[in-house]
There are 2 protein chains.
Amino acid sequence: MTSTTPTPIQENLVEKNEAYGKAFTKGHLALPPAKHYAIVTCMDARIDPAAAYGIDLGDAHVIRNAGGSAVDALRSLVISQQLLGTKEILLIKHTGCGMLTFDTETATGIVEKNLGEAGLKELKRFVGGEGKFQDFPVLESAVESDVKLLKESRLFPDEVVISGWVYEVETGKVRRVV
Amino acid sequence: MTSTTPTPIQENLVEKNEAYGKAFTKGHLALPPAKHYAIVTCMDARIDPAAAYGIDLGDAHVIRNAGGSAVDALRSLVISQQLLGTKEILLIKHTGCGMLTFDTETATGIVEKNLGEAGLKELKRFVGGEGKFQDFPVLESAVESDVKLLKESRLFPDEVVISGWVYEVETGKVRRVV
């Protein structure tokens, strides 16, 4: 839907950003992250990476997708590491993640019901791994297997430090898994 | 590289998060974003979406990747929209983006030089679109074409509101493109 009248969400962006822009003093920061690290975490609305993970503006790349998937993050991580000097990757999934609450079969069924055959076809064509949703049944195991995937990948030199963590949306606390 | 001694980056996460956890009062928030919208933006270290885009904790999904690519975000957006009630998508790219500074050919050359044939092979196998880096030469055009891609996609019903924006890393300000 195209609309010329701003939606409340768009108005919120413009209004809050106006205040942010007025107080902004960080226009001098360089493109490559000052602390040479990248975080992969979930898109979940309950996570504020800068605040919860202690990232100052300009210090780290932050990659976010549904579930904090390493596979979805590969292109971004290669750019971060090979072109922009990243030396360390922290992968942080979280408790109460949506990816723990459904499976690909159920989600595919919903897409088919709502969007029909055309939607399903696009899903399989454009979403990596034949439209798989990359859901996971056990949180800690998913952290471990994503870290393993990154460590075993030929896309990152051995000296890149890779660790895996869980963020608890109930307490605001992180703990290391691997 | 596996290390049992925490790196300074890991120590920073643990220390800053400890303070965050102690002051945390938002453990009651629900999984679906309260304001039913999703933001797609870049992983760039100079962007703090919560502060710059005025997102309160619990209000919106935030998807981030190199360049704020709509293609990379498709899986996450389908989950956000079909399973978690998102009604509006804001795609926000930014000035000074790394994706404006190199092209896929150059980047591929760097990967091949640093990681050899094995790295290049993985890149083509695991990174969507045959390992393309999704670089773009003109910022506003890239916003327009990504919004077009989302609007024309069968993965989102027509009533989902989709808009495109630019964030200026020099001034902290956003402006609407489409």
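Labels below follow one simple rule: chain letters A, B, ... track the order of the sequence lines, proteins then strands, and each chain is numbered from 1. Side chains are part of it too, since the values below use all heavy atoms of this structure and drop only hydrogens, waters and symmetry mates. Being a predicted model, the structure only gives us computed values, none of them experimental.
Screening residues 47-81 of chain A for ring pair (Phe, Tyr, Trp, His ring centres under 6.0 Å) gives Tyr53(A)-Tyr167(A) as the qualifying pairs, with residues at least two apart or on separate chains. Counting only residues at least two apart or in different chains, ring pair (Phe, Tyr, Trp, His ring centres under 6.0 Å) contacts with residues 9-51 of chain B comprise Tyr20(B)-Phe24(B).
Per-residue counts of heavy-atom pairs under 4.5 Å with chain B were compared for Asp59(A), Val147(A), Leu123(A); the largest is that of Leu123(A). If you tally non-hydrogen atom pairs under 4.5 Å between each of Gln82(B), Lys173(B), Arg175(B) and chain A, the highest count goes to Gln82(B). Counting heavy-atom pairs under 4.5 Å between each of Val169(B), Leu13(B), Asn12(B) and chain A puts Leu13(B) at the top. Ranked by heavy-atom pairs under 4.5 Å with chain A, the list Thr101(B), Val178(B), Val62(B) is led by Val62(B). Options Ala50(B), Pro33(B), Ala51(B) differ in how many heavy-atom pairs under 4.5 Å they form with chain A, and the most are formed by Ala51(B). Of the listed residues Val71(A), Asn114(A), Leu74(A), Leu57(A), the one with more heavy-atom pairs under 4.5 angstrom with chain B than any other is Leu57(A). Counting heavy-atom pairs under 4.5 Å between each of Arg154(B), Lys16(B), Arg75(B) and chain A puts Arg75(B) at the top.
Using a 4.5 Å cut-off between heavy atoms, Lys26(A) contacts chain B through its backbone alone, with no side-chain atom that close.
Contact residues of residues 86-94 of chain B toward chain A are Glu88(B), Leu90(B), Ile92(B) (heavy-atom distance under 4.5 Å).
Here the shortest heavy-atom pairing between Ala30(A) and Arg46(B) reads O-CD, 3.4 Å. The two residues Gly119(A) and Leu155(B) have their closest heavy-atom pair at O-CD2, 3.3 Å.
Here the side chain of Asn17(A) pairs a donor or acceptor atom with the backbone of Val174(B) at under 3.5 angstrom. A donor-acceptor distance shorter than 3.5 angstrom exists from the side chain of Ser76(A) to the backbone of Ala66(B), with no hydrogens or angles considered.
Atom OG of residue Ser80(A) and atom CG of residue Asn65(B) lie 12.0 Å apart, to the nearest 0.5 angstrom.
With sequence neighbours excluded, no residue forms a salt bridge (charged side-chain N to carboxylate O under 4.0 Å, His left out) with Lys121(B).
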